[in-house]
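Contents: one structure, followed by commentary.
Keep in mind that the numbers below use all heavy atoms, side chains included, and drop hydrogens, waters and symmetry copies.
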Amino acid sequence: MVKSNKTKLIYILLVCIYLIMIVPGIAQGAATFPIPRIQVGIEPADTPTEIAQSLQILILLTVISLAPAILIMTTSFIRVVIVLSFTRTAIGTNQMPPNQVMIGLALFLTVFIMMPTWSKVNTETFQPFLKGEITQETALVQGMQPIREFMFKQTRTKDLKLFIQAARLNRPKNQDEIPSQVLIPAFIISELKTAFQIGFLIFVPFLVIDMIVASTLMSMGMMMLPPMMVALPFKLLLFVMVDGWHLITRSLLLSF
């Protein structure tokens, strides 16, 4: 027992000696390679120029945080993602394809559909702004024009009229007199209506299969067998035979 205690004491002493020898080397290495210090501070603005720059930075950060919402509100993403969701629900596969796949496909289709509009914005607004040919205010106004043209093509007159009346605006003579805060919500509800119309057409053939399978099972007396379980393979077979993803993607592209 005494030998065991002596062994433990010797082991502890050796560990302490090792730490005493190593710690100075670590400190010296830390001094050779200093860790950078990050400091964020807020100082009062003394001139109007500094105040304007601070407000611009604040607005820019706000726009960046709202970028996903802006992408949804002013592009074809609404229609695409709703139609894809209707397709998955109509087939009856709960989480197949997964949400990540559906959102990814919707994003890439949105980029493909919106690429002519964004290319026009880049050519007519962004590149001249980088070259210093136009001011920031002019760039913001000109950059919205191609996007507004796209939204006007997809927006119903009835929906525009609704928001113009709700905003109590005078009857506009042309599209330039319609503000963006009126155009964007009208565009959104127009896209929702179009997406639901396409979703209804997608549901019809799968609903027919469900009715046929349910009627067959009832006539055979198989009341305890879930019709959805039996109809699912037939719906998948139909969807694969008609190349459903190709047809839906083609319909979405042609709808714009």
Side-chain angles (χ1 to χ4, degrees), residues 66-127 142-163 175 178 180 182-210 232 234-256:
L66 295 177
I70 296 174
L71 175 66
I72 292 175
M73 290 187 295
T74 60
T75 63
S76 59
F77 183 81
I78 299 175
R79 185 187 306 183
V80 174
V81 73
I82 291 177
V83 170
L84 294 179
S85 300
F86 270 129
T87 302
R88 185 174 66 180
T89 305
I91 296 174
T93 54
N94 295 328
Q95 295 295 329
M96 192 61 61
N99 291 330
Q100 292 85 349
V101 176
M102 302 290 285
I103 298 298
L105 178 59
L107 286 175
F108 277 103
L109 288 177
T110 301
V111 171
F112 182 82
I113 294 169
M114 298 299 299
M115 188 56 65
T117 302
W118 290 341
S119 298
K120 191 175 180 180
V121 173
N122 179 61
T123 303
E124 298 181 357
T125 304
F126 190 66
Q127 293 301 327
Q142 291 185 1
M144 279 297 297
Q145 290 303 319
I147 301 176
R148 284 169 56 87
E149 292 176 2
F150 170 80
M151 289 191 290
F152 273 119
K153 292 179 181 179
Q154 309 301 326
T155 305
R156 294 177 173 83
T157 305
K158 181 180 179 181
D159 298 329
L160 273 176
K161 184 179 179 181
L162 169 64
F163 286 96
Q175 294 180 353
I178 300 177
S180 298
V182 172
L183 173 60
I184 292 176
F187 168 76
I188 292 174
I189 63 173
S190 295
E191 286 293 283
L192 288 174
K193 181 177 181 180
T194 304
F196 274 68
Q197 289 175 343
I198 298 175
F200 170 77
L201 296 177
I202 293 173
F203 259 96
V204 170
F206 298 108
L207 180 61
V208 172
I209 293 177
D210 287 334
L232 180 59
F234 294 100
K235 291 191 287 187
L236 290 176
L237 179 62
L238 173 65
F239 195 74
V240 172
M241 289 181 60
V242 300
D243 199 359
W245 292 115
H246 173 83
L247 292 177
I248 291 174
T249 304
R250 181 175 179 271
S251 300
L252 285 171
L253 296 178
L254 293 178
S255 65
F256 290 99

For [X] and [Y], work out which heavy atoms get closest and say how close.
| X | Y | result |
| --- | --- | --- |
| Thr74 | Met114 | O-CE, 4.1 Å |
| Ile202 | Pro205 | O-CD, 3.3 Å |
| Phe206 | Ile91 | CZ-CG1, 3.9 Å |
| Ile103 | Val81 | CD1-CG2, 3.8 Å |
| Thr117 | Phe150 | OG1-CB, 4.1 Å |
| Phe77 | Leu107 | CE1-CD2, 3.6 Å |

Do [X] and [Y] make a side-chain contact, defined as non-hydrogen atoms from C-beta onward lying under 4.5 Å apart?
| X | Y | value |
| --- | --- | --- |
| Ile78 | Gln154 | no |
| Phe163 | Leu183 | no |
| Ile198 | Phe203 | no |
| Asp159 | Phe187 | no |

* Asked: Tell me, which pairs form a side chain to side chain donor-acceptor pair (under 3.5 Å) where one or both residues lie in residues 191-207, sequence neighbours left out?
  ->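 Every pair satisfying side chain to side chain donor-acceptor pair (under 3.5 Å) with a residue in residues 191-207: Arg79-Glu191, Arg156-Thr194.
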
* To do: Return yes if some donor-acceptor pair links the side-chain N/O of Arg88 with the main-chain N/O of Val83 below 3.5 Å, else return no.
  =>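 Flag not set: sc Arg88 to bb Val83 has no pair under 3.5 Å.
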
* Using atom types as modelled and distance alone, determine if a side-chain donor or acceptor of Lys120 lies under 3.5 Å from a backbone N or O of Pro146. =>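 A pair under 3.5 Å: no.
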
* **From CA spacing to verdict: ring pair (Phe, Tyr, Trp, His ring centres under 6.0 Å), Phe86, Phe200** => CA-CA 8 Å; Phe86 270 129; Phe200 170 77; over 10 Å; no

* What residues form a side chain to side chain contact (heavy atoms under 4.5 Å, CB included) with Thr249, not counting sequence neighbours? ->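 Side chain to side chain contact (heavy atoms under 4.5 Å, CB included) check on Thr249 returns Leu109, Leu253.
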
* **Over 12 foreign heavy atoms within 6.0 Å of CZ, Phe112** =>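 12 or below, so no.
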
